[in-house]
Amino acid sequence: MNIVVCVKQIPDPETPASQFAVDEAAKRVIPAQGIAPVVNPYDPQATEAALRLKDAAGEGKITVISLGEDSARDAIKHALAMGADEGVLLSDPEFENIDNFQTAVALSRAIEKIGDVDLVLMGRAAADWDMGVAPLGVAEQLGFPCVTIAKSMEADGDTLTVQRVLDDGFQTVEVDLPAVVSISNEFGEPRYPQLRQIMLAAKKTVQVWNADDLELEDDEAGEDNRWLALEALYIPQVESNVEIIEGDSPEEQARNLALKLREAKLI
Amino acid sequence: MPGTLIIAETADGAVAPLSFELLAAARALADQGAGDVSALVAGEESLAQSLIEHGADAVYVCSAGSLDPGSAEAGAGAALAAVEAAGADIVLMGQTSVGRDLGPLMAFRLNTAVAMECLSLAIDGGRLRAVRSCYGGNANAEVTWRGDVQIATLKPKAVDPLAPDASRSGSVTAIDAVGEQRVRVISTEAAEATGIRLEDADVVVSGGRGLGDPSAFEMMEELAGLLGGATGASRAACDLGWYPPSQQVGLTGKTVTPDLYVAVAISGASQHMAGMSGSKNIVAVNRDPDCNMVQVARFAVVEDYKKVVPALIDAIKALD
Ligand SMILES: Cc1cc2nc3c(=O)[nH]c(=O)nc-3n(C[C@H](O)[C@H](O)[C@H](O)COP(=O)(O)OP(=O)(O)OC[C@H]3O[C@@H](n4cnc5c(N)ncnc54)[C@H](O)[C@@H]3O)c2cc1C
Ligand SMILES: Nc1ncnc2c1ncn2[C@@H]1O[C@H](COP(=O)(O)O)[C@@H](O)[C@H]1O
């Protein structure tokens with residue numbers, strides 16, 4: 001089975017709000033001092049999903065794709081160290097600040113260029129723009145069906161059975177390959193790269209493709225050709241006027257809180 | 001004529017509350033010149049009346065297909081037909097299991113974009129402009145569309161529904177288009193009902209990783225029960241298997257706006273806040289006075305929850 005996993009490098013989504021800053025004029029997030037970018041948390045889970053399928057099938061090839069700046073190599077390296085076979089970095093000045101829709105188009109061209117792909121695994125959403133649209137976009141571009149927000153899956157020949165997480169429960173679906181599946185956090189912890197694998201990963205090839213390699217039209221890449229124009233980016237204001245409930249003991253604090261809540265007619 | 005189409009969803013055979021929020025948002029856009037409001041609903045024609053009472057001028061009823069989760073391709077057939085029939089240039093749906101798939105699917109099929117999880121919408125120069133949350137709730141982005149059709153999913157509870165008006169009238173048209181469905185739904189399993197629905201509760205008591213122990217959720221449930229509320233959890237607690245994902249509050253969980261939200265041993269990460277910052281009153285029980293949840297709370301007790309919560313349960317019982 002030929003599997004492609006798409007991984008994105010993003011600012012650490014666990015950056016404390018106090019260190020999160022935005023350049024409003026440039027409409028960009030200012031990287032927090034001393035907090036390194038990370039792989040989008042769902043994407044190692046997508047890699048994990050690919051590795052489990054490969055392990056179960058006893059054969060297969062896993063290619064990792066990332067579109068981004070040169071630092072996105074780290075996201076690819078991480079997947080290679082987990083056990084993926086090859087990497088492709090999509091890199092071009094024209095990819096800077098493109099939107100999720102343009103990204104989906106570029107990713108799908110790369111998948112076509114790789115060729116003969118049975119399954120594309122992605123994260124349920126990238127924790128920078130929180131859109132969760134690229135999996136359906138890649139699927140539509142490739143003409144594949146798409147199953148989103150998977151918590152587990154098994155392959156039986158060319159059929160994939162996927163358990164999905166819904167707002168109010170779970171769902172089991174079946175789909176024939178080739179297909180796109182997006183993975184959710186309920187999938188469980190991804191494996192942690194071991195030192196030996198990290199060293200092995202250094203020897204694996206990472207190709208670099210630009211917009212021309214992907215045969216993208218001039219109006220398909222480039223910030224000016226975003227499908228969704230970014231007009232403004234800012235940090236919403238939250239005010240703090242907390243009343244700390246005092247008391248000589250936890251019991252007294254609890255009693256004082258109960259009284260406050262009663263006073264405020266909340267209980 | 002351009003206008004707004006909302007994709008309505010149903011729950012237990014009735015129109016889902018979020019669909020009324022979509023109608024209110026669409027009416028507000030109509031007031032700003034966006035044109036008439038139409039709605040697509042799958043199911044019985046009798047569903048049309050409540051959509052009209054809540055703000056629809058026209059309702060398209062798809063009796064052949066469904067707009068169920070996992071059936072996005074089938075639903076897209078009806079939705080695209082309704083966009084065409086209504087001549088809509090704005091399409092609104094909920095940020096739900098349905099909207100998460102249908103929005104992007106429709107966007108790619110109509111050669112346009114979808115803005116996910118919008119907080120507010122406005123008409124600016126005849127075009128839609130949306131504010132959406134991003135970076136885990138740390139930032140807001142304002143976006144506009146290049147394509148003709150402007151699609152947005154609305155975050156639950158972002159807009160108040162209008163009071164139903166029985167004197168409103170509107171047209172009802174059948175649409176029987178169903179798209180080809182390549183994903184086969186084998187079974188759908190509803191989450192175990194745990195009392196009051198989280199989204200409907202006036203009081204929510206949520207527990208986080210700081211509980212340190214899954215059995216502490218019994219204490220959360222006892223406090224919630226005493227206050228007539230529902231029990232929620234942070235993702236950290238859900239990921240540990242301490243509580244079901246259907247009770248998760250936050251960006252990737254439920255959005256709640258209760259009168260009272262009691263956050264026990266939850267630090268207040270932006271992704272958690274994204275699901276509960278609309279609560280009218282927040283109470284934090286946390287050992288760490290500097291954590292974000294304490295900062296944003298109205299009342300906070302800075303102590304070990306193991307000491308405070310049982311005492312709070314006793315104190316509340318003693319009030320009556
Ligand atoms: C893409 C993405 C999506 C996410 N979506 C969600 C989401 O939908 N919902 C969500 O909740 N999170 C979400 N998260 C995770 C989020 O970033 C935080 O990691 C998570 O909310 C932390 O959960 P917590 O507050 O329970 O745990 P922690 O951050 O570990 O906080 C535990 C708290 O408990 C306190 N504590 C410890 N012991 C005690 C004690 N004995 N008594 C009192 N207080 C104590 C500590 O002081 C601390 O404040 C998401 C993250 C990402 C990257
Ligand atoms: N720049 C990118 N490079 C590689 N994969 C990406 C990129 N952007 C998005 N993806 C994939 O698409 C998923 C959903 O992203 P999004 O639709 O942007 O929220 C991510 O979890 C990744 O798997």
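Just so we're on the same page: letters track the sequence lines, and every chain starts at 1.
When ring centroids are compared, A:F101 and B:W145 stay outside the 6.0 Å threshold.
At least one side-chain heavy atom of A:E140 sits under 4.5 Å from a side-chain heavy atom of B:L105. Annotation: side chain of B:V294 is in contact with side chain of A:I244 (closest heavy-atom distance under 4.5 Å). With a 4.5 Å cut-off on side-chain heavy atoms, A:E231 and B:D124 do not count as touching. When side chains are defined from C-beta on, A:M131 counts as touching B:R132, because their heavy atoms get closer than 4.5 Å. Within the 4.5 Å cutoff, the side chain of A:R226 has no heavy atoms near those of the B:R146 side chain.
Note that CG of A:D168 is 8.5 Å distant from CD of B:Q247, once rounded to the nearest 0.5 Å. With values rounded to the nearest 0.5 angstrom, B:T252 atom OG1 is found 9.0 Å from A:I149 atom CD1.
Contact annotation for B:V309: neither backbone nor side-chain heavy atoms come within less than 4.5 Å of a heavy atom of chain A. Contact annotation for A:P135: neither backbone nor side-chain heavy atoms come within less than 4.5 Å of a heavy atom of chain B.
A donor-acceptor pair is defined here as one N or O able to donate and one able to accept, closer than 3.5 Å; no such pair exists between the side chain of B:N140 and the backbone of A:Y234.
Ionic pairing of B:D259 and A:K265 is not present here: no N-O contact between side-chain nitrogen and carboxylate oxygen is shorter than 4.0 angstrom.
For the residue pair B:E303 and A:P250, the shortest heavy atom distance occurs at OE2-CG, 3.8 Å.
There is no side-chain donor-acceptor pair under 3.5 Å between A:D167 and B:T96.
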